[in-house]
Amino acid sequence: AYVEGTNGSSLPVPNGAARVSARNQGAVSTRVLSDFVGKASNTASNDDAVAEVTGTGVTAAGLTVTAETATTYSATAKEAANDITGATSATISDATLTVGAGGVAADARDDSALSAVSEGLVEIPGTPFVAMAGTRAENVVDRTTTASVTDSKVMTEGNLDVTAVGNAAIVARTAAV
């Protein structure tokens, strides 16, 4: 979600607050049930939530720019993996802000949850399957979380808050029956 301007453009909201918000959430789940083999893998190469105000003027009682990623990824099998990349970003750049008591906030949060579980490995002595079977539970996370106000003129009667929180919950475990 973005507000972008050129050549001195402006966004007047004289009697209210302006909000630019991007949120990416949902659930991705892969599961393979088998006593001997199985691979479950989730890959998200652009799990992004980007909210920005750039190159414009804003006149408002308050301005909030928020971005949040909150997707849950779950993989369960003998080999279970999640490979997630992306960006969570709330930015204000090259802007002229005239804001009332509501203040200015740029807030980015990554509340993603990843769970990779390798379970149900059945060990049966004397069978060739045990020697060939393996387990793996893996989460690969390459994400950034940023909030910024850059190259901008900010005039506000309220607070200027810039917050970035990377709060992803990541679990990988293996279990045998």
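Throughout, residue positions are numbered sequentially from 1 according to the sequence presented.
- Scanning both residues, A17 and A61, for their nearest heavy atoms gives N-CB, 4.3 Å.
- No hydrogens or angles considered: nothing links the side chains of N139 and Y73 as a donor-acceptor pair under 3.5 Å.
- Residue pairs meeting the side-chain hydrogen bond (donor to acceptor under 3.5 Å, both in side chains) criterion with at least one member in residues 149-168, sequence neighbours excluded, are D111-N167.
- Considering L63, T54, V162 in turn, L63 is the only one that fulfils the side-chain contact (heavy atoms from CB on, under 4.5 Å) rule with I92.
- Listed here is the closest heavy atom pair of A164 and T145: CB-O, 3.9 Å.
- With hydrogens and angles ignored, the 3.5 Å screen pairs a side-chain donor or acceptor of K78 with a backbone N or O of E119.
- Within a 6.0 Å radius of CZ in R136, more than 12 heavy atoms belonging to other residues, nucleotides or ligands are found.
- Remark: E68 engages R23 in a salt bridge, criterion side-chain N to carboxylate O under 4.0 Å.
- You'll find the side chain of T64 stays beyond 4.5 Å of the side chain of D107, heavy atoms only.
- Within the 4.5 Å cutoff, no side-chain heavy atoms of V99 are placed close to those of L160.
- Taking every heavy atom of both residues into account, A67 and S89 meet most closely at CB-O, 3.2 Å.
- Side-chain atoms of D94 never come within 3.5 Å of backbone atoms of T56 as a donor-acceptor pair (strictly under, hydrogens ignored).
- Rounding to the nearest 0.5 Å places CG of D83 at 7.5 Å from CD of E138.
- Between T71 and A27, the closest heavy-atom pair is CG2-N, 4.5 Å.
- Nearest heavy atom pair, residue G16 against residue A60, reads O-CB, 3.5 Å.
- Counting only heavy atoms from C-beta outward, the side chains of T69 and Q25 never approach each other to under 4.5 Å.
- Considering only heavy atoms from C-beta on, R143 comes within 4.5 Å of S112 through its side chain.
- A heavy-atom distance below 4.5 Å is not found between the side chains of T30 and T76.
- Although no hydrogens or angles enter the test, the distance criterion places no donor-acceptor pair under 3.5 Å between the side chain of S74 and the main chain of S29.
- Between the side chain of D48 and the main chain of A87, a donor-acceptor pair closer than 3.5 Å is present.
- Rounded to the nearest 0.5 Å, atoms CD1 (I84) and CG (N42) are 6.5 Å apart.
- For the residue pair T66 / S21, a side-chain donor-acceptor distance below 3.5 Å is found, with atom types taken as modelled.
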Verdict with reasoning, L114 to V141, per side-chain contact (heavy atoms from CB on, under 4.5 Å): CA-CA 9 Å; L114 288 79; V141 181; 3.6 Å; yes
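- Closest approach of A137 to S118, counting heavy atoms only: CB-N, 4.0 Å.
- With V149 as reference, V154 is the one residue of V154, V53, V65, L97 to meet the side-chain contact (heavy atoms from CB on, under 4.5 Å) rule.
- Defined by atom type and a distance below 3.5 Å, a donor-acceptor pair is missing between the side-chain atoms of D110 and T88.
- Residues T98 and V58 form no side-chain contact, since every pair of their non-hydrogen atoms from C-beta on lies 4.5 Å or further apart.
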